[in-house]
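Note sheet for the following structure.
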Amino acid sequence: MRRPLVAGNWKMHGTRASVAELIEGLRHQVLPGDVDVAVFPTCLHVGQVVAGLEGGVIAVGAQNCAVESMPGALTGEVAASQLLDAGCSLVLVGHSERRLLLGDSDEVVVRKFAAAQACGLLPVLCLGETLAQREAGQTLEVVARQLSGVLEELGVGAFANAVIAYEPVWAIGTGLTASAQQAQEVHAAIRGQLAAENAEIAGGVRILYGGSVKAVNAVELFGMPDIDGGLIGGASLNADEFGAICRAAGN
Ligand code: PEP
């Protein structure tokens with residue numbers, strides 16, 4: 001039985017004041033005991049969020065890490081080991097905004113994934129097709145190729161300690177959500193690709209759905225057999241809405 005995970009990606013949002021408010025709101029949420037919850041603030045706010053959520057059940061992650069796991073001469077980057085030291089336990093890799101706007105290639109994504117794992121951080125590998133790719137009927141092929149990048153380089157064993165997030169690019173921040181059936185089809189294909197290598201690892205890996213998830217559509221999405229929670233962008237900036245999404249993932 002996979003334990004659901006609901007993760008909030010705060011993207012490039014927040015000031016010290018608004019982050020303090022969000023922390024306060026999160027501390028007041030009644031969260032289900034059978035769901036893991038994590039938030040991903042900007043690097044700048046990681047320390048504040050770690051301190052503000054101390055003693056609670058919400059884990060803190062980072063939105064990106066360097067391709068090198070250890071500190072060094074890489075101006076502007078943050079090493080996975082530094083994120084761990086700052087109190088992070090997870091890190092997003094391969095978010096579509098980084099792939100499409102910031103040039104993270106499949107090869108870079110593999111290196112970041114490996115750097116995260118080398119330090120004991122849980123990588124959350126984001127995969128997803130663009131609208132043009134979906135309309136061209138290439139969804140499963142695109143997602144399989146993105147997954148293969150990591151699978152071929154690091155082996156299926158890498159997924160014993162990782163999370164996957166399927167996030168169709170056309171659903172991110174657009175208000176358009178994949179239907180529960182559309183999402184389930186891709187999640188099942190991802191799990192199937194892993195199962196071809198190792199059924200036990202495939203059965204244990206959590207595959208989150210992301211793309212305009214809100215409390216109103218969360219229950220149906222999270223009810224699908226291969227959807228193990230969500231990666232939440234916009235809606236995670238509202239503590240009450242995020243709390244409701246977390247509750248939707250509970251039993
Ligand atoms: C995201 O950025 O990972 C995301 C899913 O965003 P949103 O929920 O706003 O679509």
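Just so you know, ligand 1 is whichever comes first in the structure, and atom 1 is the first atom listed for that ligand.
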(message) Tell me every residue that passes side-chain contact (heavy atoms from CB on, under 4.5 Å) with E107, counting only those two or more places apart in sequence or in another chain.
(response) S105, R111
(request) Could you pull out every protein residue that has a heavy atom closer than 4.0 Å to ligand 1, ordered by chain and then number? (result) N9, K11, H95, E167, A171, I172, G173, G210, G211, S212, L231, I232, G233, G234
(message) Nearest 0.5 angstrom please: C119 SG to M70 CE, how far?
(response) 6.0 Å
(message) Using the ring pair (Phe, Tyr, Trp, His ring centres under 6.0 Å) criterion, which residues pair with Y209? Sequence neighbours excluded.
(response) none
(message) Within the structure provided, determine whether V205 and D228 are in side-chain contact (heavy-atom separation under 4.5 Å).
(response) no
(message) Minimum heavy-atom separation for E77 and Q82, please, with both atom names.
(response) O-OE1, 4.5 Å
(message) Could you work out, with salt bridge (Lys or Arg N to Asp or Glu O under 4.0 Å) as the rule, every residue matching E129, not counting sequence neighbours?
(response) R134
